[in-house]
Protein chains: 2
Amino acid sequence: MTKKSNNPTGSPALAWTVPVGGARFSLQKLSPGDKPFSIGNKTEDKSRITELAQEIDALQDIFWADKRFKLLVLLQGTDTAGKDGTIRAVFKETSPLGVRTHGWKAPTELERSHDFLWRIHQQVPAAGEFMIHNRSHYEDVLVPVVEGFIDAAGTAQRYRQINDFERLLCETGTVVMKFMLHISFDEQRERLQARIDDPTKNWKFSEGDLEVRTQWKAYQKAYDDLLRATSTEWAPWTVVPADSKTHRNLMIATLVRDKLRSLQLRYPPADPELKGLHIQ
Amino acid sequence: MTKKSNNPTGSPALAWTVPVGGARFSLQKLSPGDKPFSIGNKTEDKSRITELAQEIDALQDIFWADKRFKLLVLLQGTDTAGKDGTIRAVFKETSPLGVRTHGWKAPTELERSHDFLWRIHQQVPAAGEFMIHNRSHYEDVLVPVVEGFIDAAGTAQRYRQINDFERLLCETGTVVMKFMLHISFDEQRERLQARIDDPTKNWKFSEGDLEVRTQWKAYQKAYDDLLRATSTEWAPWTVVPADSKTHRNLMIATLVRDKLRSLQLRYPPADPELKGLHIQ
């Protein structure tokens, strides 16, 4: 969180930040239906999101000119948790020129023939860029863990490798924001059902989602473990209660805006050689 | 070094391996004119290099089929130290299909807008590949250090970042061999002079080389520091006395061959479904 924030709703974030080394942390203690960042009714929240998205757009312009930082926003969550919707809402006012997204799928044969961070490193933001990862390298400590393709030692090794990698990014100017979109088992059922009932949403539905749903507890445990192990001083995790889409968007937009404000962005200093120059 | 090596000249390598955390290590204690791996006169040494190169070629074939490992051979050294010549000699029998090389130059604008390991990570070997880096990420703790573009804390941070990065590579199947080609100040003078005197070598000469030569001591110190800080259990440094080109090639070919032997490479097991299959 920012040191100096004008945002009256900034403080609730602390309760949702996974503490570094937080052995007692558990998703079960956090209710997906909470709305800690809400400022009023749904209409008020939505109009605040628009204001925030506009401010993020304005800040992105300076961020790009400033070039001292890179921004990596990383979204994790189960199927239907709302990753796509978050990106659309939070960055709806930002020019596509200023923000890149990358969605991570199962690795290709070429990707599997390298370490799991190889493909990730190629898609990190350059100086001045906003980059959004829709899913991320954290899939590599979720699916293989739940499926039993990797043992505890191998998982612990990956946690360390991830922490080292993210530290490199942070030490070289990248602001890493990691959001875990936290929805309830019931909410997921409703969203999956909607994909079946609404023909225009059928394309979003996959049989595989149902199988993953049967592994809900195993995934929640894998999330608990990774959140505890990889919430670091340089790249902490924030859990976002996400049963309400509006609240989810509001919370993330607020935190992104606050973070950008805290960087004290500025346009590069004026070039003294240009002063008084008259183009002939 | 290998556990079981048939190579009678294997043991001398120990004296040239930079000890992990070796605070007392210094290039000054190692003579560039030494020939610890020599087996006889120059003719005998040269014919041994050919034998080794042939064995490396044969091992590369199994390495590729095996797919359990990746090989990264990294060559560092001052101008004229013999990096190009080493690659030609050691891998002269290996098919270009089986070995890739990448020469690192000053970073481009795009590369500079990322962390210094970003471009390196993109060029690491895939499963079954031999990759040779002609210069490497170690240039990023040489030039900026000597030129004063980075302070001691920044340099120490890069050492750690390098160690973390190489550990990731090693933990995910990469064998990292790091060779520092060690030549004397006098030998460099002769080689630079030859580039001036021999018109067919003029293209290799650059004015910049002379300026770097005036910084000889500063570079030797920067090498001492990085060799001490980045010789790790997972990726140790080997200093190669390189005033003799033949000896340099012999030593590196021997160590690469020994390392490949030690991996106990094997073709993947036969596919039982193919047994007795008759193509109609």
Side-chain angles (χ1 to χ4, degrees), chain A residues 63-72 100 107-131 137 140-141 144 150-151 153-176 232 234-235 268, chain B residues 63-72 100 107-131 137 140-141 144 150-151 153-176 232 234-235 268:
Chain A
F63 192 93
W64 173 252
D66 190 328
K67 289 279 191 294
R68 285 178 300 159
F69 303 102
K70 303 128 175 164
L71 177 67
L72 178 59
R100 284 197 300 148
T108 64
E109 191 178 358
L110 177 65
E111 288 166 348
R112 276 186 283 113
S113 73
H114 288 89
D115 65 86
F116 74 107
L117 294 168
W118 176 77
R119 62 178 190 161
I120 307 294
H121 208 164
Q122 295 180 34
Q123 296 293 337
V124 297
E129 276 189 342
F130 280 17
M131 183 68 160
H137 44 287
D140 294 298
V141 283
I150 187 173
D151 65 8
T155 308
Q157 189 182 65
R158 285 194 174 184
Y159 292 153
R160 176 175 47 67
Q161 290 166 341
I162 286 171
N163 290 343
D164 286 343
F165 172 66
E166 291 178 355
R167 182 161 55 168
L168 166 70
L169 298 185
C170 293
E171 287 173 343
T172 51
T174 307
V175 174
V176 180
T232 53
W234 51 90
Chain B
F63 192 93
W64 174 252
D66 190 328
K67 289 277 192 295
R68 286 179 300 159
F69 303 102
K70 303 128 176 165
L71 177 67
L72 178 60
R100 284 198 299 149
T108 64
E109 191 178 358
L110 176 65
E111 288 166 348
R112 274 185 284 113
S113 73
H114 288 90
D115 65 86
F116 74 107
L117 294 169
W118 177 76
R119 62 177 189 162
I120 308 293
H121 208 163
Q122 296 182 33
Q123 296 294 338
V124 298
E129 276 189 342
F130 280 16
M131 183 68 160
H137 44 290
D140 294 299
V141 284
I150 188 173
D151 64 9
T155 308
Q157 189 183 67
R158 285 194 174 184
Y159 292 152
R160 177 175 47 67
Q161 291 167 341
I162 287 171
N163 290 343
D164 286 343
F165 173 65
E166 292 178 355
R167 182 160 56 169
L168 166 70
L169 298 185
C170 292
E171 286 173 344
T172 52
T174 308
V175 175
V176 179
T232 53
W234 51 89

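No hydrogens, no waters, no symmetry mates; every other heavy atom, side chains included, goes into these values. Chain letters run A, B, ... following the sequence lines, proteins first, then strands; residues in each count from 1. These numbers were taken from a predicted model, which means no experiment stands behind them.
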Exercise for review: May I have the step-by-step check of side chain to side chain contact (heavy atoms under 4.5 Å, CB included) for B:D164 and A:L168, ending in yes or no?
Suggested key: CA-CA 9 Å; B:D164 286 343; A:L168 166 70; over 6 Å; no
Exercise for review: May I ask you to name which of A:G173, A:A127, A:P125 has the most heavy-atom pairs under 4.5 Å with chain B?
Suggested key: A:A127
Practice item. Give, as side chain, backbone, both or neither, the part of B:R160 having an atom under 4.5 angstrom from any heavy atom of chain A. Key: side chain
Exercise for review: Under 4.5 Å heavy-atom distance to chain A, tell me which part of B:L169 shows up: side chain, backbone, both or neither.
Suggested key: side chain
Review point. Given the options A:K70, A:K67, A:H114, which has more heavy-atom pairs under 4.5 Å with chain B than any of the others?
Key: A:H114
**Study point:** Structural part of A:Q122 lying under 4.5 Å from a heavy atom of chain B
**Key:** both
**Study point:** Portion of B:S113 that has a non-hydrogen atom of chain A nearer than 4.5 angstrom
**Key:** both
Practice item. Determine, step by step, whether A:D115 and B:E171 satisfy the side chain to side chain contact (heavy atoms under 4.5 Å, CB included) criterion, reporting the C-alpha distance in whole Å, the side-chain angles of both residues, the deciding distance to 0.1 Å, and the verdict. Key: CA-CA 9 Å; A:D115 65 86; B:E171 286 173 344; over 6 Å; no
Study note, to complete from the structure: Between A:Q161 and B:T172, the two heavy atoms sitting closest are NE2-CG2, 4.4 Å
